[in-house]
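In what follows, a single structure is set out as structure tokens and then discussed.
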Amino acid sequence: MSWLPLSFGAPMVLWGLLALPVIWWLLRLTPPRPQAEIFPPLKILARVLKKEETPHQSPWWLTLLRLLMAALVVLALADPVFNPREKLPASGPALALVIDNGWAAAPDWDKRVATADRLIADAGGNGDPVILAFTAERPNADIGPFDAQAARDRLRAAAPRPVPVDRPAVYARVAAVLRELPGASVAVLSDGLSAPGDEQAFQGLLGHDPASLLWGAPDRLGMVGLTAAANEVDGFTLTAIRASGDAGPRQVTSGAFDDKGRRIADAAIIFRPGETTATGRMTVPFELRNDFAAVAIDGEPQAGAVRVLDDSSKRRRVGLLSQAEADQAQPLLSPLYYIRRALQPFADLIEPTSADLADAIPQLLEQKPAMIVMADVGTIPAAARVQLVDWVKGGGTLVRFAGSRLAAAENDEELLPVRLRLGERSLGGALSWTTPQPVAEFPPTGPFADLSAPSEVTVSRQILAEPTPDIVERTWASLADGTPLVTGDRREKGTIVLFHVTPEATWSNLPISGSFVDMLRRVVQLSRNQGSVTAASGEAAVSLPPFRMIAADGRLVPPTSDAKPLLAGPAPARVTIENPPGLYGSEEGVVAHNLLGPGAAFVPIVRPQVPAPVTELRYAFDESRDMKGPLMAAALLLMVLDTLAVLWMGGILTRRPKRAARTGASAAATLLAACLALGGVDHAHADDSKPNDIASIDAVSVTRLAYVLTGDPSVDSTSRAGLAGLTRFLIEKTALEPGDPAGVDISRDELAFYPLLYWPIDPDAAMPSEATIARIDAYMQQGGTVLFDTRDQFASGLDGSASPATQRLRDILGNLNVPPLEPVPQDHVLTKSFFILPEFPGRFNGSPLWVEASFNASNTENRPVRTGDGVSPIMITANDFAGAWAIDENGDPLLPTVPADPMQRIYALRAGVNIMMYMLTGNYKSDQVHVPVLLERLGQ
């Protein structure tokens, strides 16, 4: 039953509102209010005789209050729901719920979960099983069928992942389950983006004639993603995309962040009407651009709007050096012309102002370049050579090109990767039997492994390398006849690379090919340890461990357990659950693995056409509210108000202050009389008794643990620290909150205030007097318990003689009325009063805890503890309880246990808890054995 925006789950209960007139009639009468009158009583009798007494009518406001309370109760029992939702039209024997939880689902994931929760609730109300599958999970994830509660638990545990969806594989698994449940309803909650294989996936999922299709998709695809980030000559360029359905103009802001998460640059990206691709530029200095670690779009909480950067996105300063003078009339013949054209798009080029190598090389090194390119440079001056060698060993990359000067120079092993033959080799000349050689395939282990060999490039002249055992390892590119074209070798932290041809198109056509640009760019990448993360051995790493991952909401987080190492290869790896987007490698070098590639596009998903009824869902939170609770709370509030009104009308509330005043006056008079009575007492006697009275009040106001003062400061301080530790443990583990421990002089202090008296036996202390022994005996007879601790577990002689502490204890006990003793039996109340304890260790372990023997106790079957055992007035141990309990001001143990077992201290504290519970509660544990018998008798 629904009256917008309110509906009722049990509308028949609303007929109870018809009873309101009857309730109103019953509430009209109320007892007459008692009326206070002033003497004389004859006046009261006169008014009574003159006026006939009739029941007083209930006030209208009280009647209205009670009618409203009854109406609220009736409405609450009718299960009202504010802003009710319509039940989703799912039918059939089951519900197949398929949810996209890829990166695109992150922004509205909560709404998607709320929508799915309503679907599961409706299926559970019908008693239908639920097949629940997510399209960005592992292939072996369980998809059901589940009952409604299990499906809801799995839904709440699910989360979006920063990876693309895999609809074909997941839909195929769901279709296999639906074959056993024909006629089931299918609900698809998509992220709104199409993916490869969607058409075949929907055909497999919906090809079994479902009873109905529930289709959910975002109202609008407003997401923006980053597909490329380039560090160019004059700025950092970003490329962003949006969905084709978002046709209006739009502007977003992107930010660049360093490796510590600090924002260091901004850029505006503007989409014009109808455009799906836009670019933005961050015009910041070259040094600042190299600090970029990640770029992200503001206000886009999804992984596609974040792009991490590795060293391949950083620009490096490259120095150019040549001994040949530039020919202004023939620029194409300049040795540096093609090098400049190849490096300028991705590097900052610097050149010296002097042509003299002795000055030019130091000028370049002062500007701290990452790489220096030498075009046909022969012999290097000695002073500049030393600086250049140190720069290479420190991590610089030196790239040299061949030419007539280098061919005529002597071999410099520190500045050449291989030893060269003097002179040059000519191929295809008039006096040569050979022909120009093409370039062979690049070696799979070299830095050019993922590049295609240029089939159009031929070499007619080159400088040959001397054959050595390691020439193959140092060859990065070779000709078809096996002679090296490019060689390279490490020099400590740096690298030396040699092109065995000239940088201009005289010895080969390599400089005018596209491969020349790719090869130089790869060398630049190697110059700053990017493009190839090396393993500890110095060889190229075949797999890179995950370092920092991009979460589904765009945050950089540590790697999860699902992330696996990224296999390095010539082709970019796919983003999967095992390889989510992020940075792979280590702090020495990382590789960026981003979600969106340069050719990515946001294409809206197309709803499949099926003959079954289709219902479109809208992702939204459930706005319906159950009003039963608030209505019942309002009724209870009105009931409280009604009660207060009745009390006020009965005069109870109005008479209470007078009675309280009279009570206060009486108390004041009593206090004044007591003060007057004490006025005649001798002042000296009153002053002497006042401290004792205060001490007695303090002693009985809170339970305290007490210990006997022996006169030895070390023993007394250990006893106090031990009882303080036990007090703290009692407060933490039980409902008992004892006060600070009290030291007791047993010869004069009152002992009745303390349920337990801990007495450490000190053989050097004086023997108690007969009066003191009598006080102890009376204390034990009146219900107190003394815990004697000789602390001499390991002090007995080799001949079995008693230790001094034990002998002193025998002397003390010889004057006391000590009952027969026995070690605590296994079924004693002490073993179960709070913790279950088979033994009672202290700082030492091994001595039994002696208590009063209960030889006449008897056990019946199925009773957990011994019956008839009273509270023992005496306990004896040699395990040094206080030493195990003792703590310092910081709560740390003072003394080690013997043996050094941390659990022994815990067991000692538990033993103290059991002793205190036993002392305070007696044998209540043993009384519990009578409960079944009592309950059985009551039942009869």
Side-chain angles (χ1 to χ4, degrees), residues 371-372 374 376-380 385 388-403 405-427 432 434 436-451 453-454 457 459-502 507-508 510 515 519-520 522-523 525-527 529 531-542 568-570:
M371 187 173 77
I372 294 178
M374 290 184 176
D376 191 17
V377 175
T379 303
I380 301 175
R385 178 184 175 279
L388 187 61
V389 170
D390 293 340
W391 173 79
V392 171
K393 291 181 179 180
T397 299
L398 177 63
V399 181
R400 305 188 68 175
F401 282 86
R405 292 181 178 83
L406 183 61
E410 295 291 335
N411 279 282
D412 190 344
E413 296 184 358
E414 290 186 307
L415 294 178
L416 288 173
V418 294
R419 185 172 182 82
L420 303 178
R421 291 185 179 181
L422 294 179
E424 58 190 60
R425 176 193 183 195
S426 177
L427 302 172
S432 175
T434 59
Q437 291 291 311
V439 179
E441 294 292 332
F442 294 127
T445 58
F448 307 142
D450 58 336
L451 300 179
V457 173
V459 176
S460 59
R461 296 173 67 182
Q462 68 176 143
I463 293 181
L464 291 176
E466 290 285 355
T468 57
D470 57 354
I471 188 63
V472 177
E473 298 177 0
R474 301 185 183 187
T475 300
W476 290 5
S478 61
L479 301 180
D481 60 359
T483 56
L485 174 63
V486 181
T487 55
D489 192 21
R490 301 282 298 178
R491 291 291 186 274
E492 295 185 4
K493 295 181 181 180
T495 305
I496 296 179
V497 182
L498 173 62
F499 283 76
H500 291 245
V501 294
T502 58
W507 288 18
S508 71
L510 177 64
S515 298
M519 295 169 72
L520 282 182
R522 185 57 49 82
V523 175
Q525 293 174 351
L526 292 175
S527 69
N529 192 23
S532 177
V533 179
T534 58
S537 62
E539 300 178 354
V542 296

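With sequence neighbours excluded, no residue satisfies side-chain contact (heavy atoms from CB on, under 4.5 Å) with L422. Here E466 pairs with R419, R421 under the side-chain contact (heavy atoms from CB on, under 4.5 Å) rule; sequence neighbours left out. Listed by chain and number, the residues in a salt bridge (charged side-chain N to carboxylate O under 4.0 Å, His left out) with R474 are D470, D489 (sequence neighbours excluded). V457 is linked by a side-chain contact (heavy atoms from CB on, under 4.5 Å) to V439, P454, N509, L510, S513, counting only residues two or more places apart in sequence or in another chain. The side chain to side chain donor-acceptor pair (under 3.5 Å) search around S508 returns none, not counting sequence neighbours. Partners of T495 according to the side chain to side chain donor-acceptor pair (under 3.5 Å) rule, which considers only residues two or more places apart in sequence or in another chain, are R490. Evaluation of the side-chain contact (heavy atoms from CB on, under 4.5 Å) rule for T379 yields A409 as partners, not counting sequence neighbours. Every residue two or more places apart in sequence or in another chain that forms a side chain to side chain donor-acceptor pair (under 3.5 Å) with D412 is listed here: R385. Listed by chain and residue number, nothing satisfies the side chain to side chain donor-acceptor pair (under 3.5 Å) test with S478 (two or more places apart in sequence, or in another chain).
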Q: Begin from the C-alpha positions of I471 and V418 and carry the test side chain to side chain contact (heavy atoms under 4.5 Å, CB included) through to its verdict.
A: CA-CA 7 Å; I471 188 63; V418 294; 3.7 Å; yes

Q: Start with the C-alpha distance between T475 and E473, add both sets of side-chain angles, then the distance that settles side chain to side chain contact (heavy atoms under 4.5 Å, CB included), and finish with yes or no.
A: CA-CA 6 Å; T475 300; E473 298 177 0; over 6 Å; no

**Q.** Verdict with supporting geometry, L398 and M374, side chain to side chain contact (heavy atoms under 4.5 Å, CB included)
**A.** CA-CA 8 Å; L398 177 63; M374 290 184 176; 4.0 Å; yes

(Q) What verdict does the side chain to side chain contact (heavy atoms under 4.5 Å, CB included) test give for L485 and F499, after you've listed the backbone C-alpha separation in whole Å, the side-chain angles of each residue and the deciding distance to 0.1 Å? (A) CA-CA 6 Å; L485 174 63; F499 283 76; 5.7 Å; no

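For the pair P443/W476, no side-chain contact is recorded, criterion being any heavy-atom separation below 4.5 Å from C-beta on.
Taking all atoms of both residues into account, the shortest heavy-atom contact from V486 to F448 is CG1-CE1, 4.2 Å. Of all heavy-atom pairs spanning L388 and L415, the tightest one is CD2-CD1, 4.0 Å. Between H500 and A465, the closest heavy-atom pair is CE1-CB, 4.0 Å. Considering all non-hydrogen atoms of both residues, F401 and L520 come closest at CZ-CD2, 4.1 Å. When all heavy atoms of F442 and A453 are compared, the pair lying nearest together is CE1-CA, 3.9 Å. Taking every heavy atom of both residues into account, A402 and I463 meet most closely at CB-CD1, 3.4 Å.
Applying the salt bridge (charged side-chain N to carboxylate O under 4.0 Å, His left out) test to residues at least two apart or on different chains, the pairs with a partner in residues 388-402 are K393-E414.
Distance check: R491 CZ to W391 CH2 gives 13.5 Å after rounding to the nearest 0.5 Å.
A donor-acceptor pair is defined here as one N or O able to donate and one able to accept, closer than 3.5 Å; no such pair exists between the side chain of R425 and the backbone of Q462. With hydrogens and angles ignored, the 3.5 Å screen pairs a side-chain donor or acceptor of D481 with a backbone N or O of T483. The closest donor-acceptor contact from the side chain of T502 to the backbone of G403 lies at 3.5 Å or more, if one exists at all.
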